[in-house]
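What follows is a single structure, written as structure tokens, with notes after it.
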There are 2 protein chains.
Amino acid sequence: MSGDFEQLWAELAPLGRNRTTGGYRRFSWGPADTQVRSWFRSAASARGLEVETDGNGNLWACWGAPGSVEAPRAPADKAAAVVTGSHLDSVPDGGAYDGPLGVVGALAAVDELRRRGLRPRRPLAVAVFVEEEGARFGVPCLGSRLLTGAMTPERAGRLTDADGVSWAQAMERAGLDPERMGPDRELLGRIGAFVELHIEQGRALAHTGDAVGVASAVWPHGRWRLDFSGQADHAGTTRLADRSDPMLPFAEAVRAARRAAEEHGALATVGKVRVSPNGTNAVPSRVRAWLDARAAEEAALHAVVEGVDAAARSSAAEHGVTVTAFLESKSPLVEFDHRLRDRVAARVGGEGGAVPVLATGAGHDAGVLATAVPTAMLFVRNPTGISHAPEESATAADCRAGVAALADVLADLTDAGPAEED
Amino acid sequence: MSGDFEQLWAELAPLGRNRTTGGYRRFSWGPADTQVRSWFRSAASARGLEVETDGNGNLWACWGAPGSVEAPRAPADKAAAVVTGSHLDSVPDGGAYDGPLGVVGALAAVDELRRRGLRPRRPLAVAVFVEEEGARFGVPCLGSRLLTGAMTPERAGRLTDADGVSWAQAMERAGLDPERMGPDRELLGRIGAFVELHIEQGRALAHTGDAVGVASAVWPHGRWRLDFSGQADHAGTTRLADRSDPMLPFAEAVRAARRAAEEHGALATVGKVRVSPNGTNAVPSRVRAWLDARAAEEAALHAVVEGVDAAARSSAAEHGVTVTAFLESKSPLVEFDHRLRDRVAARVGGEGGAVPVLATGAGHDAGVLATAVPTAMLFVRNPTGISHAPEESATAADCRAGVAALADVLADLTDAGPAEED
């Protein structure tokens, strides 16, 4: 197995990697995305998996003839499919593991089942969801949101990237038909369970000393855009009293985000900022900033956002600046299916063994799919906890442990038996 | 005269203007810059002025055969040239007047002298200095700094724009030879006086009720780049205690800049910021910010910069972030030549009249040239004081008053007499 994982990893690693930063820039529908999607098609085909693209641009690679999962079946049906997978897009200068580990791991788990001489008795598919990070169009998990209906095709189609290209235009340029976008109840109805393998994006497993963990829940989280509008002026001649400088209330909002997060045991981050006109000797006319906030409970999340908003408004008023807040996306608390979680944990922990069960502040396609199908997640230890950065890492041994655990879970869920019995 | 000014203004106005913002994006050596330089050559040629480009890319349009200003002469020489002019580049989304008023005004003043039937008895030239705003390569007044030797050609050649294109490469692509860069003592030695007409970038003249004023001094000012380096991390999973978020000390530096400026009666602005990787769900790895500071006295300027630096360092240490400050450019206090200033003021104020004499916080090519030749500046009233923004404005009547005042000054300094006497 390790050979398969490592070969797949080595094929994927150079695609979309920036030589200067060492980070990945795989943005949906862009050139690097085209490369990694094409790599996935080849790797899946080489394994005898049949690859299809759904109406929202997500990829599905099916073990066995696609016909075996095409007939609509009730989720409880023994023939309902088991799906695993993740995403291949990245944040700007992201790491190698967030997303790809779950795709490469899924293909390697298929190889591992074969090596064990097993064949699934339920359909098994590997999925790749598009625009999970929201790095290009601003809304994370867009592919899974469209699939489940959490995002309407009308709203998605109008989302634009930094150059003003819309999601619909970008899809079309990639050869897809935006008219096909939208929820796909039939496809979802054929899925009995979804399991996502993912690198941990914190240090919980590093602390417990385990290579693999199981997810319990995804924290409620959201993104808010704050637009501070003032008046561009000459930096060398405009008296302080005459200024409407939006950089000043923006700075107060950054401070307030940290303060409120500390106060409510939450997370708040201002990681993206755009300044206009962004000239050294010009008081800005506008500062546009994005707030990412997450908390274990809805009430804490609400309190953080309220705190930032109040500080921004108060400072904006003081400086003659207007501030407008837009909710860009929000995800409620997701508790993963308890029965599936317990079954996965029992399988990973082994006889008498125990496996850490963790909540996470990160959004995932699994969190979106959990609203439609029984869903579980496996985490692989991240020694530094660093993620969304070139330094993100996992040891080869832990990746192998993750693949083995995923293969165990898939064998169980698909009721796999000896291949020669077929 | 007004017809000439208005026609020239109408020709120049559409070039390099962004339709969405209404602001100008004329960046040195870029497509809009090529257009405005070409426009200047045509307008000057149409007036019988001979246009030359110096080794640093500045344009010179001479009234009379260039030979008449070619022979080296002592500055005190009656035959030393009188030069007027300004710049055509802009800050991002800048206004129409900052720079162009002094170039269009210079050409219109030439027309006005002719209309009055006058011919200069000293050589008269109109100059256009390159990269005055420093919007593309970061150092303002680069053309005049290179000419006077305030910037070495080696350092200038290595300056890069946001895309990593060097000044030397950009010059070369525009058809100039970077080997010719550097101070030009011979050219400076032929100049007896430089006078720059410029829009006021504050509201002093609006308060006094005068259309035109004269400059006394340029405040000491400078630009500092602050690099805050932390650790990119996932915004949804990295505990606050585990973060090294450079956005936090950056926010403190913004606050400190305002506080220190208030305390020392100075100006301080953070108008330009670049965040890496600039993703909504990533703690930034780096925030790069630029501080523009100006004060009437060197001591106050120093105190402001020290105050920002101390606040940035203290907050950076608290958040596990490193901060490095780079001085990008600094200009000492410039007091304009007193004799020339008084002569210009007497001419503009008229018999028994008085003209406001103002210090300015804005850097200008005149401030750089003042270190090499007697230099003066005329300001035209700005009703709102807004500059470096699309809303920058002056009334047509005030522009005409500025051109008339410049023509008066040029007639005086060039010892102009009736054209038929020649």
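Convention: sequence-line order gives letters A, B, ...; per-chain numbering from 1.
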Which one wins on heavy-atom pair count under 4.5 Å against chain A: [options]?
options                                : value
B:Asn281, B:Val270, B:Val275, B:Asp242 : B:Asn281
B:Arg225, B:Arg255, B:Arg274, B:Met247 : B:Arg255
B:Ala362, B:Ala268, B:Gly236, B:Gly361 : B:Gly236

Side chain / backbone / both / neither for [X] at chain A, heavy atoms under 4.5 Å:
X        : result
B:Arg203 : side chain
B:Glu328 : neither
B:Val254 : both

Side chain from CB out, backbone as N, CA, C, O: work out which of these in [X] comes under 4.5 Å of a heavy atom of chain B, or both, or neither.
X        : result
A:Glu200 : neither
A:Ala204 : neither
A:His364 : neither

For this session: Taking the side chain as every heavy atom from C-beta outward, state whether A:His234 and B:Leu267 have any atom pair closer than 4.5 Å.
Result: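 They are not in side-chain contact.
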Check your understanding: Any side-chain heavy-atom pair from B:Arg243 and A:Thr269 closer than 4.5 angstrom?
Key ->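 In contact.
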Contact residues of residues 131-138 of chain A (partner chain B; heavy-atom separation under 4.5 angstrom):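 Residues of residues 131-138 of chain A touching chain B at under 4.5 Å: A:Glu133.
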**Prompt:** Which residues, numbered in order, of residues 282-297 of chain A come under 4.5 angstrom of chain B by heavy-atom distance?
**Reply:**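 So far as heavy atoms go, A:Ala282, A:Val283, A:Pro284, A:Trp290, A:Asp292, A:Arg294 are the residues that approach chain B to under 4.5 Å.
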| field | Any donor-acceptor N/O pair, A:Asn278 side chain to B:Val273 backbone, under 3.5 Å | value |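 Yes, because the side chain of A:Asn278 sits within donor-acceptor range (under 3.5 Å) of the backbone of B:Val273.
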